[in-house]
2 protein chains.
Amino acid sequence: MNSPFSTKTVQPDISLSICGYTKVLEIISNKWTALVIYAMEDGIIRYGDIRRRIEGISKKMLTQTLRQLERDGLVKRDITPAVPPIVEYSLTQLGESLLEPMRALKQWTNENYSQVEQARESYDRVNNEE
Amino acid sequence: MNSPFSTKTVQPDISLSICGYTKVLEIISNKWTALVIYAMEDGIIRYGDIRRRIEGISKKMLTQTLRQLERDGLVKRDITPAVPPIVEYSLTQLGESLLEPMRALKQWTNENYSQVEQARESYDRVNNEE
DNA sequence: CTGCATCCTTGGGGATACTG
DNA sequence: CAGTATCCCCAAGGATGCAG
């Protein structure tokens with residue numbers, strides 16, 4: 001509890017680099033990352049099939065996203081040398097373990113996003129009469 | 001299951017605007033949002049105290065983040081007219097409900113982030129000899 | 001104390017073309 | 001098929017100054 005007489009004793013105790021909230025978000029909050037993970041939920045899937053499943057993703061962004069996920073140890077990449085090559089992606093065990101908290105977030109959205117949309121409409125109605 | 005003979009039947013079924021993963025992330029994945037929520041976990045807190053708690057946040061970004069959260073119905077703003085004014089922030093019930101899935105993410109980080117860091121080191125060791 | 005307005009920089013991400 | 005390589009643009013976010 002802070003003193004009611006002064007706030008000058010409050011010291012920084014929350015930082016970007018340390019807070020657990022922020023560190024996961026750095027991993028999963030790029031534009032396409034969550035969608036790519038989502039596309040791999042069912043198991044092994046080929047590069048081209050991910051690309052076809054996700055509406056609007058470019059090859060560049062898909063590759064870039066997959067590389068990051070692979071670097072973070074969340075995704076495994078399997079190449080079958082052939083012409084043309086076959087490259088299959090899947091979640092690692094670490095990646096699978098991330099699925100659980102992510103699903104909790106998704107469920108929160110399913111249950112509460114309409115309230116967020118209502119709040120926005122209401123806020124804008126009040127603040128947008130110029 | 002996809003046919004083993006063809007992938008041409010795969011249709012886009014994952015989109016940015018619809019996926020539940022993405023929609024929450026739009027709310028909480030700005031640079032400071034998670035930290036600001038974190039700063040309000042303990043209850044009502046004044047603008048200046050949030051600012052002091054979070055290392056490196058500017059007035060502009062704090063205000064902007066708080067406005068977004070207020071617009072989304074996650075944060076409540078209470079003004080006590082005085083000179084100088086007293087402005088207190090707290091999580092709404094909707095905001096509190098978001099805490100649960102966020103804590104799941106934080107816990108995942110506490111338990112698994114070291115593995116991510118190891119994976120990165122290992123990946124970079126293999127891929128950075130030029 | 002709690003903001004808003006302005007200017008400026010940075011890098012995430014799009015479009016396009018080329019390759020093993 | 002599964003990528004690289006470039007070029008380019010825009011919006012998030014930092015710095016600074018003013019205001020109720």
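Protein chains get the first letters and strands the later ones, always in sequence-line order, with residue 1 at the start of each.
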Please determine whether side-chain contact (heavy atoms from CB on, under 4.5 Å) holds for the pair B/Asp13 and B/Gln11, giving the CA-CA distance in whole Å, both sets of side-chain angles, and the decisive distance to 0.1 Å. CA-CA 6 Å; B/Asp13 62 328; B/Gln11 296 300 321; over 6 Å; no
Identify all side-chain donor-acceptor contacts of residues 61-69 of chain A below 3.5 Å with residues at least two apart in sequence or on another chain.
unit_1: A/Thr63; atom_1: OG1; unit_2: A/Tyr47; atom_2: OH; d: 2.9
unit_1: A/Thr63; atom_1: OG1; unit_2: A/Lys59; atom_2: O; d: 3.0
unit_1: A/Thr65; atom_1: OG1; unit_2: A/Met61; atom_2: O; d: 2.7
unit_1: A/Arg67; atom_1: NH1; unit_2: A/Tyr89; atom_2: OH; d: 3.4

Taking the minimum atom-to-atom distance to the side chain of A/Lys60, which one of D/dC1, C/dA15, C/dT2 wins? C/dA15
Taking B/Thr109 for the side chain and B/Leu105 for the main chain, is one N or O donor matched with an acceptor at less than 3.5 Å? yes
Starting at CZ of A/Arg77 and ending at P of D/dC1, how long is that distance when rounded to a whole Å? 16 Å
For D/dA2, does OP1 or OP2 lie under 4.0 Å from any side-chain N or O of A/Arg52? no
The salt bridge (Lys or Arg N to Asp or Glu O under 4.0 Å) partner of B/Asp49 among B/Arg53, B/Arg52, B/Arg46 is B/Arg52
Here's a test of your reading of the structure: between B/Pro85 and A/Glu88, which maps to the more 5' nucleotide of DNA chain D? A/Glu88
For D/dA2, does either OP1 or OP2 sit under 4.0 Å from a side-chain N or O belonging to A/Arg46? yes
Where the side chain of A/Asn30 is concerned, which of C/dG13, C/dG20, D/dG3 is the nearest nucleotide? C/dG13
So which of residues 18-29 of chain B are in contact with DNA chain D, with a heavy-atom cut-off of under 4.0 Å? none
Could you tell me the separation between the CG atom of A/Asp49 and the C1' atom of D/dC1, rounded to a whole number of Å? 11 Å
Distance in angstrom units between B/Arg51 CZ and C/dC4 P, rounded: 14 Å
Please report the shortest heavy-atom distance between B/Leu94 and B/Asp72, naming the atom on each side. CD2-O, 3.9 Å
Is there a side-chain contact between B/Tyr89 and the phosphate of C/dC1, meaning an N or O under 4.0 Å from OP1 or OP2? no
Contacts of type salt bridge (Lys or Arg N to Asp or Glu O under 4.0 Å), residue B/Glu41, not counting sequence neighbours: B/Arg103
If we ignore hydrogens and angles and just use 3.5 Å, is the side chain of B/Thr92 paired with the main-chain N or O of B/Gly73 as donor and acceptor? yes
Checking A/Thr22 against B/Trp32 for the side-chain contact (heavy atoms from CB on, under 4.5 Å) test, could you report, in this order, the C-alpha distance in whole Å, the side-chain angles of both residues, the deciding distance, and whether it holds? CA-CA 8 Å; A/Thr22 303; B/Trp32 301 103; over 6 Å; no
Among the nucleotides C/dC1, C/dA15, C/dT6, which one has an atom lying closest to any side-chain atom of B/Pro84? C/dC1
Is the distance from OP1 or OP2 of D/dG14 to the nearest side-chain N or O of B/Lys31 less than 4.0 Å? yes
Residues in residues 61-72 of chain B with a heavy atom under 4.0 Å of DNA chain C, by number, are B/Thr63, B/Arg67
A/Ile27 versus A/Thr33: any side-chain heavy-atom pair under 4.5 Å? no
Could you give the CG-to-C1' distance, from A/Asp78 to D/dC1, as a whole number of Å? 16 Å
From CG of B/Leu35 over to P of D/dA12, roughly how many Å is that when rounded to an integer? 18 Å
Here the distance between atom C1' of D/dA12 and atom CG of A/Leu16, to the nearest Å, is 14 Å
Which residues pass the salt bridge (Lys or Arg N to Asp or Glu O under 4.0 Å) test with A/Arg51, sequence neighbours left out? none
For the side chain of B/Lys59, counting heavy atoms from C-beta on, which of C/dT2, D/dA2, C/dG13 is nearest? C/dT2
Apply side-chain contact (heavy atoms from CB on, under 4.5 Å) to A/Asp78 and A/Ile44, showing your working. CA-CA 10 Å; A/Asp78 267 308; A/Ile44 299 172; over 6 Å; no
Kindly calculate the angle separating the two end axes of the helix from C/dC1-D/dG20 to C/dG20-D/dC1, each obtained from five base pairs, and round it to 10 degrees. 50°
Yes or no on side-chain contact (heavy atoms from CB on, under 4.5 Å) for B/Leu91 and B/Val75, after CA distance, side-chain angles and deciding distance? CA-CA 4 Å; B/Leu91 292 171; B/Val75 159; 4.1 Å; yes
